[in-house]
S.K.: 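Pasting a structure below so you can have a look.
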Amino acid sequence: MSTFDQATAERMLADVFAHWIQDLHLAIESLSPEGAVLRMPFSERLCRDNGVVCGQALMSLADTAMVFAVSSAGGAYRPMTTVDQTTHFLRPAASTDVLADAKVVRLGRTMAFGSVTLTTVGDSRPVAIAQLAYALLPDSK
């Protein structure tokens, strides 16, 4: 099993994800065999007309964080696709960075399952919680 470290994860962020995900300027805060924590810096560009970070940005953050959590748990990135994502929005996020704490619940040979808790910096109350499932694909290379 190869090592999935910070440098590998940062290269993956630049090489694997769509350009619009890269435009979120996500930062990898931590990686462990159990999961990953990503930070999405606050930007007015991510807000609805009322100054609240939009649900689409929050769901993208959760989905992306879980890809890193699965990769970290497995020791390496492998192609995967989201099969299901259920997100519950609990309170607004405005004028602050958002953290995604992604935990792998089960990592199998062909499927992975996890949960993500989104919080704002300096406030441990959840902004949203998400449950995700991924199909793990064979490496096409």
Side-chain angles (χ1 to χ4, degrees), residues 2-141:
S2 64
T3 302
F4 189 78
D5 59 11
Q6 186 81 19
T8 302
E10 288 174 7
R11 280 192 306 276
M12 186 176 118
L13 189 55
D15 295 342
V16 171
F17 294 94
H19 294 289
W20 67 268
I21 292 293
Q22 295 172 17
D23 291 343
L24 295 174
H25 303 289
L26 304 178
I28 300 146
E29 296 284 306
S30 66
L31 299 166
S32 74
E34 294 78 35
V37 177
L38 269 64
R39 176 187 294 249
M40 182 173 68
F42 177 77
S43 169
E44 289 288 336
R45 292 177 50 87
L46 301 177
C47 293
R48 296 169 26 102
D49 58 354
N50 61 359
V52 172
V53 176
C54 70
Q56 295 93 330
L58 295 173
M59 290 176 71
S60 297
L61 170 61
D63 187 42
T64 305
M66 188 50 64
V67 172
F68 282 96
V70 170
S71 298
S72 188
Y77 170 73
R78 69 183 274 196
M80 63 187 85
T81 189
T82 309
V83 173
D84 183 60
Q85 179 174 356
T86 301
T87 305
H88 298 281
F89 300 99
L90 306 174
R91 67 183 188 87
S95 302
T96 188
D97 294 358
V98 179
L99 298 173
D101 186 358
K103 302 288 186 202
V104 174
V105 174
R106 183 177 184 282
L107 178 58
R109 287 184 306 111
T110 61
M111 293 289 295
F113 302 87
S115 64
V116 181
T117 302
L118 300 178
T119 59
T120 54
V121 172
D123 190 339
S124 63
R125 295 175 302 153
V127 168
I129 52 175
Q131 302 290 6
L132 298 104
Y134 293 87
L136 304 175
L137 306 172
D139 194 355
S140 61
K141 294 181 183 177

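For reference, positions follow the sequence shown, starting with 1.
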S.K.: Using a 4.5 Å cut-off on heavy atoms from C-beta on, say whether the side chain of Leu61 contacts that of Leu38.
M.R.: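 Counting from C-beta outward, Leu38 and Leu61 do come under 4.5 Å.
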S.K.: Show every donor-acceptor pair shorter than 3.5 Å between a side-chain atom in residues 98-111 and any protein atom, with sequence neighbours excluded, or say none if there are none.
M.R.:
| unit_1 | atom_1 | unit_2 | atom_2 | d |
| --- | --- | --- | --- | --- |
| Asp101 | OD1 | Lys103 | NZ | 3.4 |

S.K.: Can you pull out every salt bridge (charged side-chain N to carboxylate O under 4.0 Å, His left out) where at least one residue sits in residues 18-29? Sequence neighbours excluded, please.
M.R.: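 Residue pairs passing salt bridge (charged side-chain N to carboxylate O under 4.0 Å, His left out), neighbours aside: Glu29-Arg39.
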S.K.: Please name the pair of heavy atoms, one in Leu31 and one in Ala36, separated by the smallest distance, quoted to 0.1 Å.
M.R.: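 Minimum heavy-atom contact is CD2-CB, 3.8 Å.
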S.K.: Say you draw a straight line from CG of Leu46 to NE2 of His25; how long is it, rounded to the nearest 0.5 Å?
M.R.: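 Going from the CG atom of Leu46 to the NE2 atom of His25 covers 9.0 Å.
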S.K.: Roughly how far, to the nearest 0.5 Å, is the CZ atom of Phe89 from the CG atom of Leu58?
M.R.: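 So the gap between those two atoms works out to 6.0 Å.
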S.K.: Can I get a per-line list of side-chain donor-acceptor pairs under 3.5 Å for residues 12-21, giving both atom names and the distance, sequence neighbours left out?
M.R.:
none

S.K.: Locate the shortest heavy-atom distance separating Pro126 from Thr119; write the atom from each residue and the value.
M.R.: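 Smallest heavy-atom distance, with atoms named: CA-CG2, 4.0 Å.
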S.K.: If I compare all heavy atoms of Ala93 with all of Val127, which pair ends up nearest, and what's the gap?
M.R.: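 For Ala93 and Val127, the tightest heavy-atom pair comes out as CB-CG1, 3.9 Å.
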S.K.: Is a donor on one side and an acceptor on the other found under 3.5 Å between the side chain of Gln85 and the backbone of Ala130?
M.R.: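 Checked: no pair found.
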S.K.: Between Ala94 and Val52, what is the shortest heavy-atom contact and its length?
M.R.: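 That closest heavy-atom pairing would be CB-CA, 4.4 Å.
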S.K.: Check each of Glu44, Met40, Arg48 against Val53 using the side-chain contact (heavy atoms from CB on, under 4.5 Å) test, and report the only one that passes.
M.R.: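 For Val53, the side-chain contact (heavy atoms from CB on, under 4.5 Å) test succeeds with only one of Glu44, Met40, Arg48, which is Met40.
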S.K.: Please name the pair of heavy atoms, one in Cys47 and one in Phe42, separated by the smallest distance, quoted to 0.1 Å.
M.R.: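 Cys47 and Phe42 have their closest heavy atoms at SG-CE1, 3.4 Å.
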S.K.: Less than 4.5 Å apart, side chain to side chain, heavy atoms only: is that true for Tyr77 and Val67?
M.R.: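 Yes, close enough: below the 4.5 Å cut-off.
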S.K.: Tell me the closest heavy-atom pair linking Gln131 and Ser115, and the distance in Å.
M.R.: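 Gln131 and Ser115 have their closest heavy atoms at OE1-CB, 3.1 Å.
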S.K.: Does the side chain of Met80 come within less than 4.5 Å of Ser71's, by heavy atoms?
M.R.: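 Ser71 reaches Met80 side chain to side chain.
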S.K.: To the nearest 0.5 Å, how far apart are CD in Gln56 and OG1 in Thr87?
M.R.: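 So the CD of Gln56 and the OG1 of Thr87 are separated by 11.0 Å.
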S.K.: Has Ser72 got a side-chain atom pairing as donor or acceptor with Ser32's backbone, closer than 3.5 angstrom?
M.R.: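 Side chain of Ser72 to backbone of Ser32: a pair is present.
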S.K.: Does Arg125 have any salt bridge (Lys or Arg N to Asp or Glu O under 4.0 Å) partners at least two apart in sequence or in another chain, and if so, which?
M.R.: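 By the salt bridge (Lys or Arg N to Asp or Glu O under 4.0 Å) rule, Arg125 matches Asp123.
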S.K.: For residues 68-87, which residue pairs pass the salt bridge (charged side-chain N to carboxylate O under 4.0 Å, His left out) check, not counting sequence neighbours?
M.R.: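 As it turns out, there is no salt bridge (charged side-chain N to carboxylate O under 4.0 Å, His left out) pair with a partner in residues 68-87 once direct neighbours are skipped.
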S.K.: Which residue pairs pass the side chain to side chain donor-acceptor pair (under 3.5 Å) test when at least one of the two sits in residues 57-69, sequence neighbours left out?
M.R.: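 Listed by first then second residue: Asp63-Thr82, Asp63-Tyr134.
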